[in-house]
Amino acid sequence: MSNKTWTAVDDYIVSSLFEADPVLDAVIATNRKQGLPAIDVSAAQGKLLSLLVRIRGAKRVLEVGTLGGYSTIWMARGLPADGKVVTLELDAHHAKVARSNFERAGVSDKVDLRVGLALQSLAMLGSENAGPFDLIFIDADKPNNPNYLSWAMRLSRPGSVIICDNVVRDGTVLNEDGRDAYVEGARAAFSFIGGDKRLDGTAIQTVGAKGYDGFAIAIVE
Ligand code: SAH
Ligand code: DHB
Ligand code: MG
């Protein structure tokens with residue numbers, strides 16, 4: 001589902017509130033030219049992630065699902081000079097494109113990109129004692145949402161913020177029939193956050209250039 005007005009309002013938000021950003025425009029153009037799917041967060045959502053990093057005062061950020069690094073760059077920009085984003089990506093081509101985008105955006109020194117199955121990379125981060133992370137953005141294969149949320153709990157501390165993308169997806173989150181693994185992943189995020197006493201969360205429905213979807217957001221108690 002998409003709507004002309006939603007996209008026009010997103011354009012209005014960006015043109016009224018954001019500086020012209022040829023670097024991020026080039027990142028999006030590169031991602032399309034390299035054949036990456038157009039599932040990067042929108043500019044308005046990317047800026048929200050960047051603001052959340054700043055609001056939290058985060059120094060260590062974890063992202064599950066890099067794609068071409070568009071959301072990674074937004075979050076890296078919200079970090080202080082000694083901050084770091086660890087971002088996890090399975091697809092070697094996506095990772096290669098992301099690396100070149102990090103160079104272009106001047107954030108390579110703030111980004112630790114790990115290629116492989118996110119569940120394996122998370123286990124590695126666990127054994128390295130790489131946590132705790134102050135903010136964790138989950139945006140990869142949706143059926144693994146509960147596994148990623150479990151890892152997020154292990155790699156966080158009280159006060160950490162956990163954000164999960166695509167939890168509304170045109171309202172299909174209401175489908176209880178269990179036939180769509182994507183929807184099940186969204187619903188699993190709700191049951192995880194709702195069922196874990198250490199998490200206090202909500203979800204925000206969003207419309208915009210990327211259609212009708214939403215973020216779940218929670219704080220670790
Ligand atoms: N956060 C990005 C979009 C991520 S799209 C942005 O907003 O710019 C989801 C990404 O997750 C894709 O690049 C896909 O290759 C990756 N992915 C899918 N399954 C994965 C897995 N098991 N482990 C790691 N990454 C995975
Ligand atoms: C899809 C994945 C995403 O992370 C997203 O933001 C939009 C769509 C998808 O797999 O279709
Ligand atoms: Mg997403």
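Since the model is a prediction, treat every value here as computed from it, not as a measurement. Nothing fancy with the numbering, it's 1 onward along the sequence. Note that ligands are numbered from 1 as they come in the structure, with each ligand's atoms numbered from 1 the same way.
Hydrophobic clustering (side-chain heavy atoms under 4.5 Å, transitive across Ile, Leu, Val, Met, Phe, Trp, Tyr) groups Leu125 together with Leu119. Residue Trp6 is not grouped with residue Val14 when hydrophobic side chains (ILVMFWY) are merged at heavy-atom distances under 4.5 angstrom, including chains of intermediate members. Leu62 and Leu135 are assigned to two separate hydrophobic clusters, defined by single-linkage of ILVMFWY side chains at heavy-atom distances under 4.5 Å. When hydrophobic clusters are built by joining Ile, Leu, Val, Met, Phe, Trp and Tyr residues whose side-chain heavy atoms come closer than 4.5 Å, directly or via intermediates, Ile162 is grouped together with Leu122.
The local environment of OH in Tyr12 is sparse, with at most 12 non-hydrogen atoms from other residues, nucleotides or ligands closer than 6.0 Å. More than 12 non-hydrogen atoms from other residues, nucleotides or ligands lie less than 6.0 angstrom from CZ of Arg157.
Asp139 contributes atom OD1 as its closest N/O/S atom to the Mg ion (ligand 3).
Salt bridge status for Arg114 with Glu128: present, with a side-chain N to carboxylate O gap under 4.0 Å. Checked for salt-bridge contact, Lys142 and Asp139 meet the test: a charged N lies under 4.0 Å from a carboxylate O. Under a 4.0 Å N-O distance rule, the pair Lys84/Asp134 does not qualify as a salt bridge.
With a cut-off of 2.8 Å, the Mg ion (ligand 3) has an N, O or S atom of Asn166 in range. One of the N, O or S atoms belonging to Asp165 lies under 2.8 Å away from the Mg ion (ligand 3).
Within 4.0 Å of ligand 2, protein heavy atoms belong to Ile39, Asp139, Lys142, Asp165, Asn166, Arg169, Tyr182, listed by chain and number.
Under a 3.5 Å cut-off, the side chain of Arg99 and the backbone N or O of Leu113 do form a donor-acceptor pair.
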Identify all N/O pairs between ligand 1 and the protein with a separation under 3.5 Å and present them as a table of atom names and distances.
residue	atom	partner	partner atom	Å
ligand 1	1 (N)	Gly65	O	2.9
ligand 1	1 (N)	Ser71	OG	2.8
ligand 1	1 (N)	Asp139	OD2	2.9
ligand 1	7 (O)	Val41	N	2.9
ligand 1	7 (O)	Ser71	OG	3.2
ligand 1	8 (O)	Ser71	N	3.3
ligand 1	8 (O)	Ser71	OG	3.3
ligand 1	13 (O)	Leu67	N	3.4
ligand 1	13 (O)	Glu89	OE1	2.7
ligand 1	13 (O)	Glu89	OE2	3.2
ligand 1	13 (O)	His94	ND1	2.8
ligand 1	15 (O)	Glu89	OE2	2.6
ligand 1	15 (O)	His94	ND1	3.3
ligand 1	19 (N)	Asp141	OD1	3.3
ligand 1	22 (N)	Asp141	OD1	3.4
ligand 1	22 (N)	Tyr148	OH	3.4
ligand 1	23 (N)	Ala118	N	2.9
ligand 1	25 (N)	Leu90	N	3.1

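Geometric assessment of Arg169 against the ring of Tyr212 yields a negative cation-pi assignment under the 6.0 Å and 45° thresholds.
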